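Here is the structure we will look at, set down as structure tokens.
Please read these numbers as outputs of a predicted model, since none were measured by experiment.
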Amino acid sequence: MEKVFEFRPAEERLYAEWLAEDAFVPDWSALGPGYAVLMPPPNVTGVLHVGHLLNGTLQDVLVRRAWQEGRCVLWQPGTDHAGISLQVRVERELAAQGVDPRSLSREEFLAHAERWRDGHGDRILHQMRKLGICCDLSRRVHTLDPAYSRTVLHAFVELYRRGYVYRGRRMVNWCPVTRTAISDEEVIPQRRRGKLYRVRYALVDDPDSSIVVATTRPETIPGDVAVAVHPSDGRYRDLVGKFCRRPFPEAPIPIIADGAVDPDFGTGALKITPAHAAVDFAVGQRHGLPLREVIGADGRMGILAGRELAALTREEARERALQLLRERGLLLGEEEHLHSVGISERSGVPVEPRLSVQWFLRYPRVREAALAVTEGLLRFFPGHWEKTYLHWLDHIQDWCISRQLRWGHRIPVWYRKGADRDAADGRHVALDPPADGENWEREEDVLDTWFSSALWPLGTLGWPDAKAMVGNGFDRFYPTAALVTGPDIIFFWVARMVILSLEFLPGDGSPASLRRRIPFRHVHFTGIIRDGRGRKMSKSLGNSPEPLDLIGRHGADGVRFGLISSAVPGQDVQFSEERLAQGRHFCTKLWNACRLRLLQEGEPGCDRSSWRAIGDRLCAGELDSIDRDILFRSLEERRRWDRALAAYEFQPALLRLERFFRDDYCDWYVEVCKVRLRREAAGRSFLAVQDFLLRHLLQMLSPTIPFVAQELWRCLRLGGDGELLQKVLLEPAEALERLLAGRGIAFDGEDRRRSGALRAVLGAIRALRAEVGGSGPVYCLPGVRWEEGSRELLADLLGCGDFLPLAAAGDRPLAVTAWGTFAVDRDGGGRDRLWAERERLRGHVEASRARLAEGSAFLARAPAPVVEGARALLEKNLARLGQLDDLLAQGGGGGKLP
RNA sequence: GGGCAGCUAGCUCAACGGUUAGAGCAACCGGUUUACAUCCGGUAGGUUAGAGGUUCGAAUCCCCUGUUGCCCACCA
């Protein structure tokens with residue numbers, strides 16, 4: 001076995017082997033229900049970042065663990081066509097080549113887009129392979145694949161048929177850069193410092209009087225069709241019904257009363273621009289006001305804005321409008337104003353509320369989607385995200401699903417040429433075009449990318465094509481077991497998948513039906529990765545490390561271990577490369593622990609190729625408390641491990657296991673075994689114990705650090721030749737306990753006590769030696785009663801030969817005795833420690849006594865078992881205190897003791 | 001404006017109503033006899049953000065305040 005684990009070549013070799021053996025292809029022969037995980041499809045325009053690594057690692061752990069349980073496993077990968085994002089990228093590249101994208105026909109543009117996608121396509125998926133992910137790439141799905149596209153269009157047609165999809169002229173969030181509508185979820189509110197201007201609108205029949213409005217957007221003045229005040233606002237009561245003069249283009253507009261106006265904001269008078277603000281639109285509807293669209297689709301001012309403003313951008317128009325107001329003496333004042341502006345997620349510019357004809361989805365099954373969670377059929381980890389989800393469902397708004405883009409699923413609607421597009425008979429909504437295609441024209445818009453993503457659980461498993469569903473194992477894998485994703489897409493993706501899946505799979509709101517129809521049973525939300533200073537990882541900040549470099553430096557295993565160990569459940573992840581280095585160190589130590597095991601055995605080597613083989617080498621008679629304790633401690637750890645993983649508590653689980661490996665196995669048990677080996681004691685069962693522990697550890701760790709675990713599995717000959725560790729059944733703790741029982745090995749509390757006492761004494765003596773800076777002989781007070789073998793073992797672990805009787809000590813003897821956890825040095829070096837310990841104990845005892853004093857409130861009110869416990873504790877502490885006092889008396893002599 | 005989550009050692013976190021709050025990292029001290037590109041042992045470090053309340057007992061439950069991050073909301 002090599003002295004060091006060269007992870008770079010090993011990882012490459014092992015991964016190639018796994019691929020060659022089709023190790024990630026679902027095993028249809030496996031019994032029991034399937035286990036499926038849907039990988040959140042990375043964006044085709046995306047770049048691999050540390051978040052992908054964390055997310056991928058966690059899913060890989062779940063999936064590999066499912067393999068270990070012998071289940072039929074599917075980890076479904078794929079990519080998302082990233083509508084807006086990709087179209088913008090391609091348009092920018094075309095523009096850089098001097099091609100105006102708008103001059104291209106739809107087909108020409110799509111050809112460019114497809115070429116771009118095919119070039120970048122699933123790069124992230126391939127990069128993630130460096131991490132060792134075990135998804136079956138042969139099953140990858142792209143949202144624009146023909147089969148998946150049919151799923152999407154079929155869903156649209158069905159939703160239309162069922163009355164959930166409708167076409168409407170509405171106020172939408174318009175992105176002037178990409179020139180498309182976007183959904184409410186794609187608008188990011190941003191705090192911005194702006195100005196609130198007060199503008200005078202003169203009254204038509206009394207030009208000396210006026211009404212003053214407050215606005216942050218003077219450029220929309222040309223779109224004003226009214227000024228509104230609150231109906232109960234006394235200041236303006238007399239003005240309601242009169243007309244005032246819009247400054248430009250000049251025109252009389254009515255002063256109206258509407259409850260939507262907040263009398264306490266600004267001047268209490270609101271200019272109404274129905275075409276460019278949602279509230280104003282509503283007011284306009286109520287009052288039958290006309291629409292004046294003064295800002296065009298490209299964010300520039302239109303003809304109606306008047307000669308002065310037309311053709312300017314929104315920003316230029318604002319400056320110009322202010323200038324005009326100043327010239328005319330209409331600008332009465334301006335003040336700093338902090339307000340929130342909706343920013344388009346994709347282009348980063350303020351969205352423009354704009355009236356346009358779009359397709360909307362009225363969400364179906366909202367109540368059932370909530371019920372699935374409140375009934376506990378669909379569970380979130382950590383659970384508090386359920387509130388966020390339910391709150392969104394409670395306030396759900398129709399979803400604008402059409403996009404004025406070319407890249408995406410073109411909406412399957414045809415309009416009869418020349419007919420009214422809103423008339424039902426002028427429309428053909430179906431997967432296929434009408435027979436007399438020449439008389440129809442197809443809808444230009446495409447569907448929101450998230451609409452297609454929302455069908456991911458159904459589409460990837462073949463729905464609605466019955467044959468494909470059978471081929472893809474729908475019945476076996478649906479509902480999928482777990483989804484691992486970031487909480488930032490809980491509405492964008494998670495909730496929508498739930499809703500559409502519930503709609504399309506037949507059933508009612510009963511728990512049994514919901515359980516069958518939800519797309520996944522568990523959702524684990526990971527934290528967002530932040531840098532050491534708490535900032536989000538981002539390219540522009542330059543704080544985002546290159547993932548592949550990290551893997552190069554620390555190995556896939558090191559990165560996986562490190563990321564998990566920094567991912568505290570329910571919290572954002574503070575990234576630190578130090579953690580990854582620790583992960584690498586852990587792998588190195590594991591490697592060395594296994595190497596040591598091989599160095600310890602002569603030829604021929606032991607058989608540890610199965611649990612049975614190891615069990616056969618365990619002779620109950622050769623084991624003592626230390627062996628039994630560590631064996632059963634390992635089973636305890638295993639149970640905790642299982643419990644923690646079932647709750648998606650990866651980090652606490654892994655850290656605990658690491659502690660067990662380092663502290664209990666390496667620093668205690670292996671050191672004990674070294675002593676035994678040196679002594680050439682009869683019996684080698686402790687080597688079998690090591691094999692038992694290492695085998696178990698490697699199996700538990702394999703999902704987290706698959707490469708080094710697999711390599712060690714082979715080096716230690718823990719399985720047959722070329723056996724895939726990932727597919728070796730992980731026996732439940734109960735089975736291992738039965739195996740031990742079958743060999744006559746049973747656990748007894750006394751084992752834990754003795755083993756613990758020995759470790760404590762060892763620690764105490766070491767501490768004392770460290771304190772006095774010695775490594776010389778260790779002395780022992782007379783009268784110490786050693787348990788069988790303990791004295792020799794401790795002396796060997798300390799490397800001090802034997803404990804010398806204190807009487808034989810020289811001038812500056814280092815005297816140590818073993819009792820409980822205490823040690824003492826005759827010169828006083830250890831006495832302060834003892835004294836401090838005694839003080840601590842005395843404090844406990846006194847507190848306990850006070851609590852248990854006759855007539856105390858504690859005695860009167862506390863439940864009986866608690867009182868019992870307190871009494872027992874007092875007894876225990878009293879006993880220790882007494883022994884401690886004896887010890888202090890024996891070692892005493894200095895003036896420090898009472 | 002509403003909601004969610006956090007605030008515990010320099011840093012990252014435990015402690016899930018029950019002894020006088022514990023780990024890891026960093027710091028400092030010491031040891032490394034060949035498993036350990038490192039490892040081991042030890043020392044120090046706390047008014048649990050602040051105030052009030054409930055309780056026999058509070059880091060833990062409740063109320064208020066402060067603070068940080070996130071989400072939602074049409075304040076122009």
Taking [atom1] from [X] and [atom2] from [N], how many angstroms apart are they, rounded to a whole number?
X: A/Leu852; N: B/rG18; atom1: CG; atom2: P; answer: 17 Å
X: A/Glu2; N: B/rU34; atom1: CD; atom2: C1'; answer: 17 Å
X: A/Gln571; N: B/rC7; atom1: CD; atom2: C1'; answer: 10 Å
X: A/Leu881; N: B/rU19; atom1: CG; atom2: C1'; answer: 14 Å
X: A/Asp664; N: B/rA23; atom1: CG; atom2: C1'; answer: 14 Å
X: A/Lys387; N: B/rG2; atom1: NZ; atom2: P; answer: 17 Å
X: A/Glu649; N: B/rC13; atom1: CD; atom2: C1'; answer: 13 Å
X: A/Ile564; N: B/rC13; atom1: CD1; atom2: P; answer: 17 Å

Just the table, please: protein N/O against nucleotides 24-27 of chain B N/O, every pair under 3.5 Å.
none

Could you list the protein-to-nucleotides 55-58 of chain B atom pairs, N/O on both sides, closer than 3.5 Å?
residue: B/rC56; atom: OP1; partner: A/Arg861; partner atom: NH1; Å: 2.0
residue: B/rC56; atom: OP2; partner: A/Arg861; partner atom: NH1; Å: 3.3
residue: B/rC56; atom: O4'; partner: A/Ala857; partner atom: O; Å: 3.4

How far does [atom1] of [X] sit from [atom2] of [Y], to the nearest 0.5 angstrom?
X: A/Arg198; Y: A/Glu335; atom1: CZ; atom2: CD; value: 6.5 Å
X: A/Lys876; Y: A/His844; atom1: NZ; atom2: NE2; value: 10.5 Å
X: A/Asp667; Y: A/Arg759; atom1: CG; atom2: CZ; value: 8.5 Å
X: A/Leu325; Y: A/Tyr197; atom1: CG; atom2: OH; value: 10.0 Å

Exercise. Scan A/His384 against the nucleic acid and name what it touches under 4.0 Å (heavy atoms): base, sugar-phosphate only, or nothing.
Key: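 Sugar-phosphate, backbone atoms only, no base.
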Quiz item: Roughly how far apart, to the nearest Å, are B/rU32 and B/rC40 at atom P?
Solution: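 B/rU32 and B/rC40 have their P atoms separated by 16 Å.
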Quiz prompt | By side-chain contact (heavy atoms from CB on, under 4.5 Å) - contacts of A/Arg643 (at least two apart) | solution =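 side-chain contact (heavy atoms from CB on, under 4.5 Å) list for A/Arg643, sorted by chain: A/Arg639, A/Arg640.
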Below 3.5 Å, can you tabulate the donor-acceptor pairs from side chains in residues 383-390 of chain A to any protein atom, sequence neighbours excluded?
residue: A/Glu386; atom: OE2; partner: A/Phe380; partner atom: N; Å: 3.2
residue: A/Tyr389; atom: OH; partner: A/Ala369; partner atom: O; Å: 2.8

Could I get a table of every N or O pair under 3.5 Å where one atom is in the protein and the other is in nucleotides 67-76 of chain B?
residue: B/rC75; atom: O2; partner: A/Asp262; partner atom: OD2; Å: 2.6
residue: B/rA76; atom: N6; partner: A/Asp262; partner atom: O; Å: 2.8
residue: B/rA76; atom: N6; partner: A/Phe265; partner atom: O; Å: 3.3
residue: B/rA76; atom: N1; partner: A/Asp262; partner atom: N; Å: 3.1

Quiz item: Above 12 or not: heavy atoms from other molecules or residues under 6.0 Å from CZ of A/Arg861?
Solution: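 No, because the 6.0 Å sphere around CZ of A/Arg861 holds 12 heavy atoms or fewer from other groups.
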Quiz item: Can you list the steps and then say if A/Tyr363 with A/Trp392 is a ring pair (Phe, Tyr, Trp, His ring centres under 6.0 Å)?
Solution: CA-CA 12 Å; A/Tyr363 288 100; A/Trp392 185 75; 5.6 Å; yes
Any protein N or O atoms within reach of nucleotides 35-39 of chain B? Criterion: under 3.5 Å, listing atom names and distances.
residue: B/rA35; atom: O3'; partner: A/Arg595; partner atom: NH2; Å: 3.4
residue: B/rA35; atom: O2'; partner: A/Asn592; partner atom: OD1; Å: 2.8
residue: B/rA35; atom: O2'; partner: A/Arg595; partner atom: NH2; Å: 2.7
residue: B/rA35; atom: N7; partner: A/Lys674; partner atom: NZ; Å: 3.1
residue: B/rA35; atom: N3; partner: A/Asn592; partner atom: O; Å: 3.1
residue: B/rA35; atom: N3; partner: A/Ala593; partner atom: N; Å: 3.4
residue: B/rC36; atom: OP1; partner: A/Lys3; partner atom: NZ; Å: 3.1
residue: B/rC36; atom: O4'; partner: A/Asn592; partner atom: OD1; Å: 3.1
residue: B/rC36; atom: O4'; partner: A/Asn592; partner atom: ND2; Å: 3.0
residue: B/rC36; atom: O2; partner: A/Lys589; partner atom: NZ; Å: 2.7
residue: B/rC36; atom: N3; partner: A/Lys589; partner atom: NZ; Å: 3.2
residue: B/rA37; atom: OP1; partner: A/Asn592; partner atom: ND2; Å: 3.4
residue: B/rU38; atom: OP1; partner: A/Arg584; partner atom: NH2; Å: 3.3
residue: B/rU38; atom: OP1; partner: A/His585; partner atom: NE2; Å: 2.1
residue: B/rC39; atom: O3'; partner: A/Lys589; partner atom: NZ; Å: 3.4

